[in-house]
Amino acid sequence: MPRRKRGVVLTAEGLKKFQEVKHEFEFQNNFGKRFTLEELSQRVNLDAITIRKVLNCTKGVDKRTLESLFLGFHIDLCESYYSVPDCNRRQDLREAVCVSAFHGRRQELNILDKWLSNDCSRLVTIIGIGGVGKTCLSSKLAELMQDKFDCIIWRSLRDAPSIDTLLISLIQFLSEEKETEIELPEKTSDKISLLIDYFRDLRCLVVFDNVDTVLRGGSRAGQYLSGYEEYGELFERVGELDHQSCLLLTTREKPKEVAFLEGETLPVRTLRLGGLNETEGKEILKSKGLKGSENEFSTLIKLYTGNALALKIVATTIKDLFNGHISKFLQQETTVFGEIRDLLEQQFERLSDLEKDLMYWLAINQEPVTLYELRKDLVTSVLQLNLLETLESLERRSLMEQNIVGFTLQPVVIEYVTSIRCQIPIAPLYSSREILVSTTKG
Ligand SMILES: Nc1ncnc2c1ncn2[C@@H]1O[C@H](COP(=O)(O)OP(=O)(O)OP(=O)(O)O)[C@@H](O)[C@H]1O
Ligand SMILES: [Mg+2]
């Protein structure tokens, strides 16, 4: 179990001792002039922000930090020179969604609990296709983690806040409004350093929801919108540096730093969120008042791969148009309509032309297809040359799935892609296999 650590602060006695010895040093080594923060920083081997924080005596710092500071002036750190600050648990979940009608996800919650509580993961990403339930799951997790963290903060990135705005709001909350905006360092990377200082002193859980909003469409997955690149620096430093907090991201697309740093035994982890299972999906459909046999419920859930939002949308339609009868909806053999189409379109439109080409090819195949088969069948040389990176990019955008047989798409995605085939600006990529597949599958 991680040690609950709130850091230590200088006591009045500790501060007095430090100031006295510092004056002596200034008198002997600096012509009586006060050391600047930079000079202090060089002498004690700590950055200026940390020194300022220590001498403010309000926020806890690592005990080793105090030891370095005192060592720089040849002072032994006695126990009476520091104490544990009085820090109550705090949380800011105003932007989190309400999870009163939450179903299932026990297995996913157990995994996340283990990563956060036992494995001390520093950067955790929940990735999945739109509507699958990332926001809902992370809200539930934040609720369950209340006793395990000193601070819990939830921020939605839906309106694409600048990183500085976000960092300022986090630092102000963590400092209990003691750090004012004017006093904060100007450079983004210094603000990130300050945030990580807080991440060392306090055990914080910070959730960034909808991270895909600051990522760029069109190019390869995981790149940032212009002006938002420093989010990458934040993710990288939170993932790499030593601290006791966790930054949890929810996103449809994986940021590139996460892809580079993640690993099953590393402090950077990714949970690929699939749909709800049959029992969980049935609970949502039944709560909407749908009627049908067990088989019909199961068919409907499989058609939408347990996507929570799609199930909610389709349930409303079945209620409105088919008097709640699942069988009547299934008879008309259309799964992509209205808001479900909008949801898929939002994600499809972010793809590069090569990714769209590949999506079309995967849709044509319908069944999982291996890399070997794909390579053999693609006749456009551009796509053939870029096949690996295009596949990897699609995989990072949650639109494509991979199982033991090969690469494939969800049934609704297949229907969507096939339905917009004529709008895709692709070079001819027909091959004998495509003709064969489309003929045999009608
Ligand atoms: N476990 C669940 N139990 C009940 N409802 C759920 C569950 N998971 C998701 N939902 C519902 O499904 C809808 C979509 O969920 P959510 O917003 O969490 O998806 P998302 O993956 O975050 O989507 P997006 O990529 O658009 O942000 C919401 O209305 C939510 O309340
Ligand atoms: Mg969401």
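Indexing begins at 1, ligand by ligand and atom by atom, following the structure's order.
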Check each heavy atom of Glu280 against ligand 1 and say whether those closer than 4.0 Å belong to the side chain, the backbone, both or neither. neither

Should one rank Leu309, Thr213, Leu109 by closest heavy-atom distance to atom 13 (C) of ligand 1, which comes out on top? Leu309

Check whether any N, O or S atom of Thr135, backbone or side chain, sits closer than 2.8 Å to the Mg ion (ligand 2). yes

Any donor-acceptor N or O pair under 3.5 Å, side chains Glu355, Ser352: yes

Side-chain donor-acceptor contact under 3.5 Å, Arg220 with Thr390: no

As an exercise, identify every atom of ligand 1 less than 4.0 angstrom from a heavy atom of Arg252. 24 (P), 25 (O), 26 (O)

Which residues share a side chain to side chain contact (heavy atoms under 4.5 Å, CB included) with Gln410, sequence neighbours left out: Ile129, Thr305, Glu401, Val412, Val413

When Lys114, Arg106, Gln107 are each screened for side-chain contact (heavy atoms from CB on, under 4.5 Å) with Asn110, the one that passes is Arg106

Return a yes/no value for Phe102: is any of its N or O atoms, backbone included, closer than 3.5 angstrom to an N or O of ligand 1? no

For ligand 1, is there an N or O atom under 3.5 Å from any N or O atom of Leu343? no

Please state which option from Gly128, Ala308, Gly130 has its nearest heavy atom closest to atom 10 (N) of ligand 1. Ala308

Below the 3.5 angstrom mark, is there an N/O of Cys136, backbone or side chain, next to an N/O of ligand 1? yes

Start with the C-alpha gap between Ile126 and Leu112, add the side-chain angles, then the distance that decides, and say whether side chain to side chain contact (heavy atoms under 4.5 Å, CB included) holds. CA-CA 9 Å; Ile126 302 178; Leu112 291 165; 4.0 Å; yes

Quick check: Thr135 and ligand 1, any N/O pair under 3.5 Å apart? yes

Taking only non-hydrogen atoms of Asn210 and a 4.0 Å limit, the atoms of ligand 1 in range are 27 (O)

Using 30° and 60° as the class boundaries, would you call the ring planes of Tyr231 and Tyr228 parallel, tilted or perpendicular? parallel

Do any heavy atoms of Val132 fall under 4.0 Å from ligand 1? yes

Do the side-chain N and O atoms of Gln244 and Arg122 include a donor-acceptor pair separated by under 3.5 angstrom? no

Distance under 6.0 Å and angle within 45° of the ring axis: does Lys256 meet both against Phe235? no

Regarding Asp164 and Thr188, do their side chains bring together a donor and an acceptor under 3.5 Å, going by distance alone? yes

For Gly131 and ligand 1, answer yes if some heavy atom of the residue is under 4.0 Å from a ligand atom, otherwise no. yes

Examine Arg158 against ligand 1 and note whether any of their N/O atoms are separated by less than 3.5 Å. no

